[in-house]
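Read the numbers this way: they start at 1 and go in the same order the structure lists the ligands and their atoms.
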Amino acid sequence: MTSAEVHERIADLRAQVARHDELYHRQAKPEVTDFEYDLLKSELAGLEAKYPQFKAADSPTTRVGDDRLEGFATYRHRLPMQSLDNTYSEADLRAFHQRLVNLFGLEDLAYVVEPKIDGVAVSLTYEKGALVRAVTRGSGFEGDEITANARTIRTLPKELKRPGSKGAKGAPVPNVVEIRGEIYMTLAEFERINHEREEAGEAPFANPRNLTAGTIKQLDTREVARRKLEIVLYGSGFCDPALDHAAASAGTQNAFHGLVKAWGLPSVERFWTTHGIDETWKAVQELDKLRHSFAYATDGAVVKLDSFAQQREAGSTAKAPRWAIAYKFAAERAETRLKAITVQVGRTGVLTPVAELEPVLLAGTTVARATLHNQDEIARKDIRVGDFVMVEKAGEVIPAVVGVNTARRLPECVAYVFPAVCPVCGTRTVRYEGEVAVRCPNVNCPAQVRRRVQHFVSKAGVDVEGLGEAMVDTLVEKGWVKSIPDLYRLQRDDLLLLGKSVEKSTDNLLAALEASKHAELWRFINGLGIPHVGASAAKDLAGKFGSLEALTEARRDDLLAIAGIGETMADAIIAHFNEPRNRALVSQLLTLGVAPAAPARPPGGPGQLSGRTFVLTGTLPTLSREEAAVKIDAAGGKVSSSVSRKTSYVLAGDEAGSKLEKARSLGVPVIDEREFLQMLGG
Ligand code: IVH
């Protein structure tokens with residue numbers, strides 16, 4: 001390369017890295033994988049090292065990412081929050097160890113190996129044991145104050161447990177302590193929100209990390225509370241008195257994890273204390289096998305010197321500590337042929353393209369379908385039918401097509417043309433300004449009818465027993481159900497035509513439909529499928545308006561007066577009921593005898609746990625399990641012995657075991673005794 005070419009390449013790389021920094025840190029919408037990003041950055045660092053004459057003071061290689069946004073107060077960390085150097089190879093990890101061996105003149109160094117949680121870094125400050133502040137990493141020196149948002153995290157204690165705290169182990173509490181960790185979202189919650197967004201015509205988030213970053217930076221705390229965030233703590237910042245002397249003589253990272261637990265804070269699921277590099281490498285590999293059972297997405301292992309004294313001695317470079325390193329696991333990726341692109345039509349008419357793949361093994365499961373998100377994504381990646389595509393598991397569960405191997409593209413592969421008509425009813429599709437979604441505008445499209453009816457009768461709707469998805473398909477296919485009210489117009493004689501000996505099930509179905517006319521009001525509201533309105537908003541609306549008629553007449557101001565209803569939702573509700581067809585639907589339901597049950601009693605009264613299922617695990621600080629079960633029963637709730645997706649809450653005490661893990665992996669909320677008693681209004 002000539003000097004001019006080098007200069008040009010450096011400028012190009014700097015621009016690319018800066019753009020990806022902006023997309024990643026500020027917009028939470030990265031376009032490349034971490035690996036691709038690291039490749040660009042290391043090429044840039046290599047050129048800058050070789051050609052020092054082109055080194056610039058503000059190169060992205062010397063700057064750390066900055067995620068500060070307007071609208072939040074800036075807060076200076078008492079001790080900077082550093083980032084970590086990344087490695088992708090065993091050799092690099094061994095080189096890291098060798099540097100420390102040379103420094104200390106000791107082979108047998110003790111390390112702690114921890115999962116690298118793929119979330120958003122946060123620093124919490126507890127003063128005299130009380131949570132006073134939560135701040136993002138920001139520039140590393142100062143970040144955004146997100147305390148109000150962090151307080152919505154149900155598993156984050158507002159008070160540290162001290163010795164003698166009721167029923168808890170506790171540990172001495174310093175005057176001031178900064179505790180660092182990661183805010184994340186379970187995979188179940190990620191899927192729930194993405195599904196809701198797709199239905200509302202919005203671009204889905206690529207992975208749980210981006211969604212977490214987007215959520216934590218919302219100015220409207222009420223919106224944050226609707227998305228269930230979680231947290232895990234793994235590090236220490238400023239501490240007065242110093243941690244070595246304070247609580248539980250936490251002079252090691254190993255002891256620090258014990259301290260985090262004793263204070264009652266959520267800690268990493270597993271960590272390994274190792275000696276020397278061979279043991280450390282073994283632990284890293286073991287973590288790689290285990291990590292899929294964790295509640296959070298992990299993208300690597302963090303290896304840290306165990307002793308705080310040794311950490312101090314090793315020190316830091318401008319950007320990262322010398323005593324720790326992140327070993328990134330290779331992304332689980334596979335290449336396979338894209339056989340076809342099918343397009344599904346959702347409840348609100350949104351067309352979602354799906355990749356039909358030559359089945360391929362990916363992270364232990366066979367993948368034959370993957371999401372392509374929307375029209376723009378296909379165009380941006382230039383994905384063509386017949387291509388060999390790279391499939392990755394975003395957030396480790398949902399496969400997505402991340403790119404094309406153009407070297408293997410055959411000449412007959414032509415650019416994909418997104419359907420101009422609905423694949424189900426043939427209506428010309430539309431795309432509204434500002435939306436990524438392409439929609440079928442025909443509300444009578446059988447695909448939409450089917451999905452709307454399925455949603456209405458589902459467990460999140462009026463919950464009609466015996467009316468599963470397949471049965472709804474049949475009813476729509478037969479032309480008996482063209483809209484939700486048609487469910488209540490079904491004729492016994494028609495249903496009997498469906499086959500022999502269906503008499504009993506027909507009668508059961510009709511009885512279940514009849515009973516559903518008196519489902520709770522929020523179930524109808526949720527079942528209507530108003531964009532952006534989910535179950536928890538439906539409950540708020542039911543509590544405020546008390547009837548379907550009143551809701552159809554809601555004014556914007558009335559809606560905004562409800563805690564938990566933001567502008568987007570208020571506008572969606574107004575737009576929904578401005579549509580004559582939607583108003584007609586409600587009045588038809590009422591004419592057909594729909595009479596929702598009175599809204600659930602306000603918290604504190606008897607019956608406030610009705611419809612909720614609890615699983616008890618571990619030893620509670622004050623209540624015995626029997627006492628807790630009696631309280632649940634008295635409040636109308638149910639107690640179950642095993643955790644499933646249907647569990648509403650896991651009430652966990654000390655020494656909680658596999659049930660707690662199961663709850664975490666399914667994204668079931670875990671509460672402690674104090675939160676439980678609060679729920680009961682006590
Ligand atoms: S220690 C100076 N431990 O990874 C030490 N970081 O790539 C700084 N991360 O900014 C962090 N899991 O947000 C540490 N077990 C873990 C981690 C972890 C995830 C994140 C953290 C950090 C980033 C660095």
- Item | Any donor-acceptor N/O pair, R209 side chain to D118 backbone, under 3.5 Å | no

- Note on the structure: salt bridge (Lys or Arg N to Asp or Glu O under 4.0 Å) filter on R197, not counting sequence neighbours, yields E202

Side-chain touch [X]/[Y], heavy atoms, less than 4.5 angstrom:
| X | Y | answer |
| --- | --- | --- |
| W263 | I179 | yes |
| E230 | R664 | no |
| F329 | L287 | yes |

Are any of the heavy atoms in [X] under 4.0 Å away from ligand 1?
| X | answer |
| --- | --- |
| G181 | no |
| G235 | no |
| R180 | no |

- Under the side-chain hydrogen bond (donor to acceptor under 3.5 Å, both in side chains) test, residues paired with K116 that sit two or more places apart: none

- Begin with the C-alpha distance, continue with both residues' side-chain angles, and end with the deciding distance and a verdict on side-chain hydrogen bond (donor to acceptor under 3.5 Å, both in side chains) for R133 and T147. CA-CA 5 Å; R133 209 172 297 109; T147 316; 5.9 Å; no

Suppose I only count heavy atoms of [X] and a 4.0 Å limit; which atoms of ligand 1 are within that range?
| X | answer |
| --- | --- |
| P115 | 12 (N), 15 (N), 16 (C) |
| Q82 | 2 (C), 8 (C) |
| P321 | 2 (C) |
| V302 | 3 (N), 15 (N), 16 (C), 17 (C) |
| A121 | 13 (O) |

Heavy atoms only, cut-off 4.0 Å: how does [X] contact ligand 1, side chain, backbone, both, or neither?
| X | value |
| --- | --- |
| L84 | both |
| A324 | neither |
| A326 | neither |

- Of the listed options (R137, K304, E114), which comes nearest to atom 15 (N) of ligand 1 when hydrogens are ignored and any heavy atom counts? E114

- Message: Using side chain to side chain contact (heavy atoms under 4.5 Å, CB included), reason through W323 and Q310 one step at a time and then give a plain yes or no.
- Response: CA-CA 8 Å; W323 49 265; Q310 282 181 346; over 6 Å; no

- Item | Closest approach of any protein heavy atom to atom 22 (C) of ligand 1, naming residue and atom | Y234 OH, 4.4 Å

- Task: Return the residue, atom name and 0.1 Å-rounded distance of the protein heavy atom closest to atom 7 (O) of ligand 1.
- Result: K116 NZ, 3.3 Å

- Task: Quick one: pull up CZ in R674 and CG in L620 and give me the separation to the nearest 0.5 Å.
- Result: 13.0 Å

- ligand 1 to I117 polar contact by distance, N or O atoms, under 3.5 Å: yes

- Query: Taking distance alone, with no angle check, do W323 and ligand 1 share an N/O pair under 3.5 Å?
  - Reply: no

- Using 30° and 60° as the class limits, which term best fits the ring planes of H20 and Y37: parallel, tilted or perpendicular? perpendicular

